[in-house]
Structures are given as C-alpha cells and as structure tokens.
Amino acid sequence: MDFELSSEQSMLKDGVDRFMAQRYSQDARGRFMAEPEGWSRDNWRQFADMGLLGVGFDEALGGFGGSMVDTMIVTEAFGQGLVVEPYIGSAVLAGGILRHSEFAGREDIVADFVQGARILALAHEEEGARYLLSHVSTTARQVGDRYVLDGRKVNVIAGDSADILFVTARVSGSVRDEKGISIFAVPKDHPGVTIEPYLGIDGSRHAAITFAAAEIPATAVIGQPGHGFAIVERAIGDGIAAVCGEAVGLMDAMLKTVVEYLKTRNQFGGPLGRFQALQHRAADMYVATEQARSMAIYAAMMTSDANDLERRRAMSFAKVQIGKSLHFVGQQAVQLSGGIGVTDEYIVGQQFKRSTALERQFGDVDHHLSLIDHLDRRR
Amino acid sequence: MDFELSSEQSMLKDGVDRFMAQRYSQDARGRFMAEPEGWSRDNWRQFADMGLLGVGFDEALGGFGGSMVDTMIVTEAFGQGLVVEPYIGSAVLAGGILRHSEFAGREDIVADFVQGARILALAHEEEGARYLLSHVSTTARQVGDRYVLDGRKVNVIAGDSADILFVTARVSGSVRDEKGISIFAVPKDHPGVTIEPYLGIDGSRHAAITFAAAEIPATAVIGQPGHGFAIVERAIGDGIAAVCGEAVGLMDAMLKTVVEYLKTRNQFGGPLGRFQALQHRAADMYVATEQARSMAIYAAMMTSDANDLERRRAMSFAKVQIGKSLHFVGQQAVQLSGGIGVTDEYIVGQQFKRSTALERQFGDVDHHLSLIDHLDRRR
Amino acid sequence: MDLSYTPAELEFREEVRAFIRDNLPESIRAKAGLSANYHGQDVRTWHRILNDRGWAASHWPVEYGGPGWSAVQRYIFMEELLQAPAPEPLSFNINMVGPVIYTFGSAEQKAHFLPKIRSLDYWFCQGFSEPGAGSDLASLRTAAVRDGDDYVINGQKIWTSTAHEADWMFCLARTDATAKKQEGISFILIDMATPGITVRPIITIDGEHHTNEVFFDNVRVPVTNRVGEENKGWDYAKFLLGNERTGIARVGLSKGRLQRARRLAELSEALDGKLSDDPFFRRRCIELEIELKALEITALRIIDRQRKRNDGKPDPASSILKLRGAETQQFSAELVAEVAGPLGLAQTHGGHVPWQEFDEADLTAVLGAVPNYFYSRAATIYGGASEIQKNIISKAILGL
Amino acid sequence: MDLSYTPAELEFREEVRAFIRDNLPESIRAKAGLSANYHGQDVRTWHRILNDRGWAASHWPVEYGGPGWSAVQRYIFMEELLQAPAPEPLSFNINMVGPVIYTFGSAEQKAHFLPKIRSLDYWFCQGFSEPGAGSDLASLRTAAVRDGDDYVINGQKIWTSTAHEADWMFCLARTDATAKKQEGISFILIDMATPGITVRPIITIDGEHHTNEVFFDNVRVPVTNRVGEENKGWDYAKFLLGNERTGIARVGLSKGRLQRARRLAELSEALDGKLSDDPFFRRRCIELEIELKALEITALRIIDRQRKRNDGKPDPASSILKLRGAETQQFSAELVAEVAGPLGLAQTHGGHVPWQEFDEADLTAVLGAVPNYFYSRAATIYGGASEIQKNIISKAILGL
C-alpha cells in the first residue's frame, strides 16, 4: 500500500498546477466562458502540449499510459480552478468508449485526440433517464447495411464542439434494458442530426442532440451490436472517478476561500474566525473533504477492477460519499460567506453551482444508494 | 384557537408541580424504585387524593371529565421528575380500554380505580410484534362458555401489581390481522397465568405474563368478540399522547440540567457556557424541545378525532417528532455533561435512559414513518 | 387549550381562499411559486388589489387602514397567500416602515406617508446593511451630517433588495460620529429620486436581480424626513426587526413547495417505477410535512403568547420560527430541485432550453427548481443569520 | 499510489486471522462484542497469549520486544482483533506508558518495567483526569511534594478506567505549585498497593464498573519512579496522547457491529416482512458501510503520511479519526440497539430476563445492545471530546 505519487505523477501535478496558476484566474475563466463554444480552444491546445489529453490512454493506443490516478490528478486541479473546458466529457467519457472497446480505426481517433486535433463527445443521456444508465429510448433500426437513428440526447458535454459523437441507441429490448444497446460513431454535421447548445446552471456548455431518421452505416457500430451497455458502464465509471477528483479539488478550493474569509472579515469587533461555532463548521468541512478525498482515491483504484459487481458497487460508494461531502461543503461555504456567498459574482457562488451540478452528475446520492441495494440483492 | 390552560387546568398543574417538588427528589425516587413493586403505593394514594387517577374519565363514568390535555399536564410534570409509578400504564393504557369500550361492570372498575383501590394493566405486547399493534399470537379458543388462553405477553407495565389485566388474544385470523382480536378482563392470581416481573433498561418495572390453558369465562370479553383492535388502537393512541407529554417534561428537565451545568462548570479558565459551539447546541436542544411541545399538544387534541385514519396519522406524526427530539436532546444532554453524563448516578444518565425507552415506547421513528406511509397509501 | 380554528376563523379562511381564487390575475398565478421572487409589477398589481379590499395592511391599527383582524386571522391570511401561492403585500412597506411611522412618526409623516405606503404609491426599500456591517448592523458608517434644514448623506448600503423598484428608502445613518456603536444613529426616509443616489445591481446566485448596492454622494434630505428623535434610530430599527415576526416561518411557502415536489415526482421515473412511489422520496416528504406541522403549531403558540403579553416587545422565541422556518424553506426548495434531477441542470434565465418531454406547465415547474434552491440559501443568511438566532436563543432564553 | 494490500500484507492478514481463530479462548469468544468492555481476566488471558506469540507490543522497537511490523501491519493486526472481535492488548500498557518509558525513562526503568508491562504482569491505569480538569487537563491539582527520596502525593483522580484491576498507575501530578498551568507537572509511576490510595468505583450508564475515582492521602512514592525530568511531565503526556493514534478510528469495531446488526435484522419482523428486507434499514447499513470505507482509507492515508514524515509528532489530521471514528462507533452501536427494538428494553445486568423466542445466542445478542449504545456515548467524550478535536482541526490545520 502506498499513497505517494510517483515522480511522473508529481511532475504531472506540478505542470497542471502551474498551468492553473498562470492561466486560470476568475477573470480569465469568464473570458473562456464567453468564447463561442463556451470554453477556450487555446487552453485545449495547451492540454495537448502538456500531454493531458493522452493521460488516460495506454501506450499501445498512442497515449501516455497513465492510470485513473493520473486522470484524477488532472481533474482535481481543474476542480480547484473551475475549469470549463470539456476535459471529463471528452477525454474521460468519450475517451472511455475508446478505452473499453475495440474497433477498426480506434488508434487513429486516439492519436488525433491526444494531439488535440479532434474533439469527442458521448451522447448517451436522455430526458426520461433520471440517472439510470440503461435508459435508452433512441432507436436504431437496421435497414440493409445502415442503421436509422431516431431519438434525442441531452446534457451532452461538448456536444456542439465534437468532431465525432459516440451515440447510444437501442437495437432491441425495452427502454430500460441493459441488453440491446449499440454505440455508433457519428461524425459532426451528419444529415438528420440537429445539435442545440445550451448552458447548464453552472455556466457549463451542454447540447441537446436530435436524431431524425439519421442514416448511419453499420460499419460505424462500436463493439458488438446490442452489447454497448458494458462499454458505456465502464466509460461512466471512469467519469465518476474523474468527477470525484474534480469534486475534491473544488471542495479544497471552497474550504480555502472560506477559511481566508473567516480570517479577514471583521464583525462584532474582530475576525469572524474567532467564533467557535464557525470554527467547528470549518472543521466539519475539512473532515468532509478528507473523507471525500479518500473515496476519490478508492474510485480511481477500482475503475480497473475486473469484477463488474464490485466495480460498480465501488463507484456508487464513491459517488455517495462525494455527493454528501459536496452537499455539506457547498452549502456551508455559502453560509459562512454570508451575504456575498449568494451573489453571482463571488467565486463561492460559482463554486456552489458547480458543486450542485457535480452532486447530480452520473447520479445523485439517493440514486446510488438505491443502486447499491440493487447490486447487493444480486450478490 | 387558544393555548391557554383553563383555570381548572392551571390548578391541576399547580397541584402536580407542588407534589413533585415536595416528594420527588432524586433520592426519594431511588427509594420508591427500591420498594417491592418498584414504585410507591403511598404515592399512588396521593395521586388518588389529588384526583389524578380520575382525570382521564368522563364524569358519567365516575371520573372528573378531563380531556387528554389534562392527562398531558400530569404526564409532563411526571416526565420532569422521572416518576416511576405506572400512571401511563394503568390510568392511560388500561384506562383507555375502559374509556373506549362498553361492558357490564365498567363503571365499578372505574370507580375503584379513581379511588386508588384497584390497579389495572394492559397486557398486549408480544415478543415478535416489534411495535406492530395488530400482532397478537396469543390464542383464545372458545370451549363452551369459556375461552382457553395460551400465549405470552411482555413489557406489561404494572403487570405484577395489577388487580385486573386487560389481555388481548386472537379468536380468529392470522398473527398480524387487525380482525379477530378479543380483549379479556382477567383477575389477578387467575389459574394458568404466570407473572414474571423484571426491570427495564431505565429501571422501570415490567412483567412478562404467560397464559397456559388459562380458562376465562366468556363474560370477561370486553366489547364485541374479535373486534378488540379498534379499542386497543384508541387506548394506545391515548398512550402516545400521554408519552408525548412525559417526553416534553423530560426534555425540559434535561435542558435545564445542562444549562445549569454549562453555567457553573469551569474549564479553560471560565464557565463552559461561554463557548459558542456549546451555546448553539443548547439552542438546538431548546428548539427541538419546543417543536416536541407543539406536537404533544397536537397529539392530545387529536386523540378525540373520530376519523380513524386522520387520528392514527396524527399520533404517528407526533411520535415521529417526539422521537427525533428525544434522540437529539437526550444524546446532547449526555455529551454536554461530559464525563459525568455517562455515569449511572448523575441525573442526566437516568434521564437519557428514560428518553431512550420513550423513543421506543409505542414505536420508534422508523416504525411510525413507515406506518404513515401505509396509511397514506390507503387514503 | 384548544388547537382547532373556531368556526369564525374557518369561515374567514374560506373567504380569503375565495378572494385569492377569484382575484389573483392569471398572469401572476402562472408564475406563482416558480421563481424565488415575483417581478415588481406583479407585486404592485396584487398589492393594490389587496389594498382595494382593505387587506394590504393586515396588522395595522384600523385608524390607519388596517382591517382589525386578530393575530390568528393575520396568520391565516399570510399562510393562504403563501400556499396559493400569491405575492405577499410588500413587507418593507407593511411590516417594516409603516409601523415605525405610525408608532414614532410625526402627525405630518403619518398623514403623508401611511396612505401611500399602504397603497404602494410609495415603494419603500430598506437601507440598513453596509459592506462592513452585515450581521453586525450597529457598526454602520453611512453618515448624515446636519446642514441647515437638511442632512447631507454620504456612504454606501448593500443588500438593498428592490432598491431598483423603490420610490423611497428607510435608512439608518450615523448622525453623531462620536457616540458609541448603537447610539448616534438616526432613522431617515429618503426619496430615491434625490440627486447623488446611485443604485448598482447585485445579481444573485440564481441569476436574478433581487438586490443592490446603493451609494450616497452628498445626498440632501430634509430633516423633517427623520422619523422620531435624532440619534434614537437604533431603537426604531430594533422595534422594526422585532415587529410581526410570527410570519417569518413562512410555513405556507414550504407547504406549497412540498405539494409541487409531490406533483413533479409523479412525472419522474426512479429506479423502480415512478419517483412518487419511491419509499425514500415518500418518507422525505412525510418528514417535511411533520416538521411543517410542528412549526405551524409553534408559530400559533407564539402568536397566542404575544397576544396575551401584548407588550409590543419581540419574543425571543420567535427566533425558532426564523431558524427552523428558513431551514424548512431551504429543505423544501432542495426537495423540488432533487425531484427535478438532471432535467434541473439547464439554465432557465436568458437561455434557450431544449426540453420537450413534459408539457409546458410541468416543464416550467422543473426549470425554476434549481435556481430557487440556490437562492433559498439566502434564507439562513438574510434577516438575522441562523447563527445570530442561536445566539439570541442561548442568551435571551437560556441565559448562557 | 496504490491502495491495495501487497501480497505480503495479505498473507500477514491471513496469519493474524488464523492465529485469532485458533487461539482465542472459547469463553472470551462467546462474550465477544456483546458488552462494551471485556472483563479484566479476559484481557489478561488474551494479552498473555498474544505476548507469548510476540504480538502484544505491536509498535514497540524490536529491542523492547516489538515484532518489527510496518505501520500497515500494525493497522491490519488491530483491525483484525476488533473485527473478530477479540480484546486488544491493554492500551494503557502498550500504547501509553510503555512508549513513554522506552523514550524518556531511565535504564533501570526500562529494564524493570518494560518486560512486565509487555507481559501484563503489571497492569497500568492512567491517572490524568481530575474533577476540576476534564478536557482542560492542564489545570490539574494533585500535588507531589518532595520529601527526602520520596514524593508525597495528595489529591484526587477521576475517570480512572480499570483502576480496580490495575497494579500500577502512571500519573500526572503537580511538582511545582508556583509554575504556570502546563509547567510544573511531573509524570510519576505509582504502585497501586501503596498505603493511602483509595479506589472508589464509578458505575457507568450501562450499569457496569469500567471506571473509578482514585484518592491519594499522603501517598509516598520513591522519586526514582518519576519518568524523565521533574516538571516536564506535560511534554510526556502530550507525547503519549499523540502516540499511535491511527488506531483510534476503531473501524473494525464498527464493522463488527454492522455485521451484528444485519444478522439480528434477519431475525426481526418489520412492518412488511423481515427487518433485513426493510429498505430503510438496508440503506442505513449501506451508508454506514460507506462511511467506514472512507474512514478506513483516511486512516491508512494518515499512517502512510506519518511513516513518511517519521518525526514522531502527532499529526493533527488524526483528529479526523478520533472524531469520525467515535461517531461511527456510536452510530453502529445505535444501529444494533434499534434492531433490538422493544426486546432491547429489558435490563441485562443483575436481573432476570424473560425472553424466550430467540435461541440463546441471538437472545444474548439482543440483550447487550442497549447498554452498549448507552456506553457508546462516552466515545465522543473520553480521550479528547469531539469539541476538542474540532478545536484542534480548526486551529492546527486551518489556522483559525
């Protein structure tokens, strides 16, 4: 057992931290969000230059052979600075589809992605799914050597920026079955595909994507037709671990901001931080953050576990702890900041919105607790 | 709407409070518990003299025509002083069987009870019931003009002191059915009835009562045979309201003890009470107690509601709030008392044990939340 | 002791319900409950409808246009508005500045201001908080310096809700720079059209414009606009903050949100069927319902006690209502936001929102949910933060 | 970074498990986990079995009889004991007084005491707390006055756990009455058989005799029994309290209780079938399991960090372990008590208990449940109350 970062990992961390310190002030972040896609292509190129885009891929695939711990190092730093670039959506989620499947041309896509030459997106979530991974009502009807896709995907990260969309659609079974889901690689600007970008509550960019009799060649199917669920589940598992890292960074940043505020804000004749009730609240935030950090590490380790049941259970364990910690730390960060905490301008407000989004991403606490119980009844 | 006590109620309250102040020091309580029955017959006579035993009965029945609010005035004062006499068990629970049924000889029993001449007990709970009121596995087999009772009752308050036991037994149906339960009035020392007293975790006296082919005349049935559940449910409803009153008195007393302790205990160079984290905890205890007081009033009012569903729902509402408040106030009373709080001798330890027993009496928070949901699905 | 409403009280409740049902404009009803605050024009419209009925100033003495209601009637009225939901009469006017003027103001002030305050011809905002003085109000620094028949005011206020709608402000300003903290403060009415006043919006976490900063640069206000004695403003502010606090639990608001959560859950899929059948969701609703029942009775008990004491002083027990009331408002807002689930993650203000599955009414209900939750976090901060309420309870009630 | 145990560590865990399985006496196993504390004789018996195996003093240097384990091995060993459950080696001896003696004691003290401490020939108790000095330890008043080659000790200690079992006490006493609070205190070993010592039992809330008051009336102790320098006792006490704190989360204890709750729930009827099928019970178990997983990893992280820092100073982050560890111990004890339900309401000590339905093993499991819950409340009070832990975190880690 060893919790120390390797020297490569320390270098990676130093590099990302340096990038964040130099590039990602709150003002700069505002400018990135104001760019046409809601994030900065220039930053993305720097990610490529720093090797961040290849962290998640094996060397055999053209990546840098990092483990999920490496990805977590990146997302933790990104969480501290509220990065708006679609790193998790593109490198981890869509990247997860590449990592956990095999198909012709995969290496080329990875190579392009690692260099920053292509943006990828996973179009999976649907309106009625409410966190259930196997909910796919988008249909793929086979007609000769083509599939005809009909349906609608929402909350697609980088959906309007992506060069390639990985789209899940149902080839058989009913809406919530795990069996019968296929994944299709659909290029940008494909006929029958309409992409509508919109902003999330945290200011992040999403898209709704509609498929109206969109014809996709059968060669675009990733993995075995009808067996896409296992691939998506692994990709989302990676996404959970990455989001856990982001959440820990975010909580670190919230706690730091709040502690600084308590030390410097004077009320009733002295700094707020001398009030024991507020000190204890800050201590509770620290404990919640550290418990979350432990579970983020656990999630990162367990993404590579080959036992489906144990791996999924571990991911849900992590998401529950992270969700509870985010909930408490986020709400208390606002409370301890007082009036300024509920303004749109102050960093804590931005952080709280992001923490609320992260609480829900890939399923909230209630969902994952129910999921664990479902899995336990299967054990 | 009016929350003021009537002048009669104020007199009643003054009388009980005076009795408690004069008679019920912690030392005296220890002596009462050391008496052969675990409580003081002398106190019981004083209850009779003060009219407390008749508070719950209509004038037509030979009582003093009080409402459940009057009973609550008594139990609240009793809760403050940790009274060990079986007032709720005898006057409220067994009394409730008398109040909510009609049978020959009822007036005589009430008259005797009000004068303190007879002790009554309700023998209903069974080992496997786990709070479910309709759980009755004790059987009553009709043989001619007699019933033969077999089974076992537990947690019977005043079971070893009672002159008359009101016993529930099943004449038909399966163990958890609401239909098929009869109530029998069984005199003390009846053949086939074995009474084993024991102490509860809070030092209160209970009995287990075994019926082994005990023959009871059919004339001893109370109400319609097989329709006893409705009567028991009303009696337990009264019991819940009375326990809510006791709980509020108990919480008042715990809060008072703790606040006094915080004011007088010196640590780190001054009274503990100057620490804001402890002040806020005490404030939370106060809020929990006041919310409980509101729900105790609600329970007292709703005991007379004729709509079964609404009444049962209200009783469960009250028990949930009271249970949560007891849980918090009891645990925090111990915590804020520090080391002395976990000793057997200190009053807070005694209060905490009683509060733990009250949390469970007639069902804990989980049970009543589930029950409300059951009732709501019926509405 | 009797917890139930009298027949007369029940009849009154029916009258209020019927009035709201028949008179609340459809345009306001459609928005009702979806956003954290109503738009200014909605408040004006509805306030005036209530005023025409004689109901705008529910606890004012009859001589100033109050309806002569009992405390219980006032409580019923407010709860029915919140639960409808419909806008409340403007609190700054009715609960705050009005009572200060009819209790401490001059005859001229009463005659001029009270009718316009009641009818909302004058919309008042509150100029209390300052950047350096949040919960610690008494350390405020905005100065009003006497110059002939005027005060010349310089300084800055913050968290001035509705300053952008308001015609007037009631303001605390320091009139004696040498006095101790709470002394030397006066209570002054300021016409917002006076030169030298700048209002700068503060956008809150829900993306809305509820509140403002207000800057005073040599603003001249006639001394006759001071209410009561010079340097006694702190007493009037305490009176104002303690006045009519039994409504602060806003039980009706939370009840309305609970209804909305339950309705919305019927439209949402959970892991095993509808969310409305999920045992955890159901239990959470029941727990909130129980909390609200307890809070409602606690509020009624405090009203009853105040009625009997009748000394006009704030009851420290009303801190329970602010404390638990704010928490249940937050909890209920959070419940709606959780039901909204991933569909709540899209921004509602300004942007295009691409949801299609729900019909329009349900859709709108989902979409306000998360911003409402965001803004609900202010409930435990504004108007005496929860930490302040606990200080009050531990000191004024428990004597710690 | 690698969270998994190495093959060698896994092998070690198997070795520990097997040893416990094969060597824990059946009489101790039967009581295991049912009462909050083991009886003295059980602790002696098992401690000596472990000592014979060379495992009693797991983190002592090899030269004093330690097994030479890594921090991870020590953690595994403790967790296996707690989860078995089996008694731990006596903490007063092994974690507390032993390290003080081998770090600060004289050559004679090391030679005489360490073997007897390790073998439990000497059972030590801790004389720190006093009636006027609970969490505020430094204000203690028990005095040790120099008289020739002796100290004459007068005063009183409280919360002296196992004083009624102990042969010796390590005691803090004031050797300089004029010095400031933390100064002027010495660390003294006292033979409990010395004339003038009175031990008075304190019965705790679970009805058991765990702890005591100890009175000193002119108790003469040779000066050679002082450890380290005179008036430096506070430093040794701080060393002692900070030593080997990673085990304080007692995750294994809570895991064992969680297992017990789940097993017991299979025997209990709830509203709809077995309690073990009740969704709320199941969820509560899962939530505890998650909390324990997080706590376990946090403990391992802190061990890892201490190993790397290797400066022997207490890590303030270990306050997390005491804080959350105590809370989860309480929560798990509470869970068992709630499962016991109404059957848990009968007293278990001294009285006749009339339950019949369960078989004997299950019955016993039910019956200890509520007293265990009662005594578990001490976990957030003793050994640095939760409030003290939060003070430490906010000051030493957050700098508030």
Side-chain angles (χ1 to χ4, degrees), chain B residues 1-6 9 67 69-70 72-73 255-256 258-260 262-263 271-276 278-288 290-298 300-302 305 313-314 316-322 324-325 365-366 368-370 372-373 375-377, chain C residues 1-6 8-10 70-73 75-76 262 277 279-287 289-305 307-308 316-317 319-324 327-328 386-400:
Chain B
M1 192 182 316
D2 186 4
F3 291 91
E4 188 109 328
L5 299 182
S6 69
Q9 289 171 335
S67 70
V69 172
D70 299 70
M72 205 177 69
I73 289 168
L255 182 57
K256 203 174 147 200
V258 161
V259 166
E260 193 54 33
L262 292 178
K263 283 179 187 167
L272 273 182
R274 77 190 188 289
F275 289 108
Q276 195 192 30
L278 309 187
Q279 291 171 356
H280 282 194
R281 207 86 56 78
D284 289 335
M285 290 169 72
Y286 169 77
V287 172
E290 289 304 311
Q291 291 284 73
R293 193 187 313 280
S294 293
M295 288 307 261
I297 294 170
Y298 180 62
M301 298 290 174
M302 290 298 287
D305 197 294
R313 196 169 185 270
S316 288
F317 263 49
K319 196 67 188 24
V320 168
Q321 176 66 56
I322 296 281
K324 287 183 176 183
S325 291
V365 169
D366 268 340
H368 281 287
L369 283 171
S370 294
I372 294 164
D373 196 21
L375 295 170
D376 283 356
R377 288 177 194 266
Chain C
M1 203 188 275
D2 188 358
L3 189 63
S4 43
Y5 287 128
T6 62
E9 286 162 349
L10 287 174
S70 71
V72 173
Q73 282 179 297
Y75 182 83
I76 290 172
R262 282 177 158 152
D277 281 325
F280 299 97
F281 173 77
R282 293 177 67 90
R283 177 167 286 196
R284 201 171 303 174
C285 290
I286 291 168
E287 292 190 84
E289 208 184 327
I290 293 170
E291 175 73 30
L292 289 171
K293 173 59 79 181
L295 197 57
E296 183 168 34
I297 298 170
T298 304
L300 291 167
R301 282 171 49 215
I302 291 173
I303 287 174
D304 190 62
R305 195 160 67 176
R307 183 175 59 186
K308 269 151 198 155
S319 285
I320 301 175
L321 305 181
K322 171 64 170 70
L323 187 64
R324 298 300 292 150
E327 285 168 3
T328 46
S386 290
E387 290 80 5
I388 301 290
Q389 304 304 329
K390 290 186 188 180
N391 286 347
I392 292 172
I393 291 172
S394 80
K395 288 184 171 51
I397 297 178
L398 303 178
L400 285 170

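Every heavy atom of this structure was used, including side-chain atoms; hydrogens, water molecules and symmetry mates were not.
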Heavy-atom cut-off 4.5 Å, strictly under: side chain, backbone, both or neither for B/Lys324 against chain C? side chain
Pick one of side chain, backbone, both or neither for B/Arg293, based on which atoms fall under 4.5 Å of a heavy atom in chain C. both
With chain C, the option among B/Val320, B/Val259, B/Leu278 that has the most non-hydrogen atom pairs under 4.5 Å is B/Val259
Under a 4.5 Å heavy-atom cutoff, which of B/Val69, B/Val287, B/Asp373 has the most pairs with chain C? B/Asp373
Output the distance between atom CG (C/Leu398) and atom CE (B/Met285), rounded to the nearest 0.5 Å. 9.0 Å
Partners passing side-chain hydrogen bond (donor to acceptor under 3.5 Å, both in side chains) against B/Glu4 (at least two apart in sequence or in another chain): C/Lys308
Show the nearest heavy-atom pair for residues C/Ser394 and B/Ala283, with the distance to one decimal. N-CB, 4.4 Å
With a 3.5 Å distance limit and no angle check, can you tell me whether C/Arg283 reaches the backbone of B/Asp366 through a side-chain donor-acceptor pair? yes
Of the backbone (N, CA, C, O) and the side chain (C-beta and beyond), which part of B/Arg377 lies under 4.5 Å from a heavy atom of chain C, both, or neither? both
C/Glu291 versus chain B, heavy atoms under 4.5 Å apart: side chain, backbone, both or neither? both
Hey, could you give me the NE2/OG distance between B/His280 and C/Ser386, rounded to the nearest 0.5 Å? 9.5 Å
What's the separation between atom CG in B/Leu369 and atom CD1 in C/Ile290, rounded to the nearest 0.5 Å? 5.0 Å
Just so I understand: if I count every heavy-atom pair under 4.5 Å between each of B/Ala292, B/Ser316, B/Ser370, B/Ala318 and chain C, which residue has the most? B/Ser370
Within 6.0 angstrom of C/Lys395 NZ, more than 12 heavy atoms from elsewhere: yes
With rounding to the nearest 0.5 Å, note down the distance linking OG1 in C/Thr298 to CD1 in B/Ile297. 8.0 Å
Measuring from C/Glu289:CD to B/Arg313:CZ, what's the distance to the nearest 0.5 Å? 4.5 Å
From CE (B/Met295) to CG (C/Leu295), nearest 0.5 Å: 11.0 Å
Heavy atoms only: give me the nearest B/Ser294-C/Arg301 pair and the separation to one decimal. OG-NH1, 2.8 Å
What are the two closest non-hydrogen atoms of C/Ile297 and B/Tyr298, and how far apart are they? CD1-CB, 3.5 Å
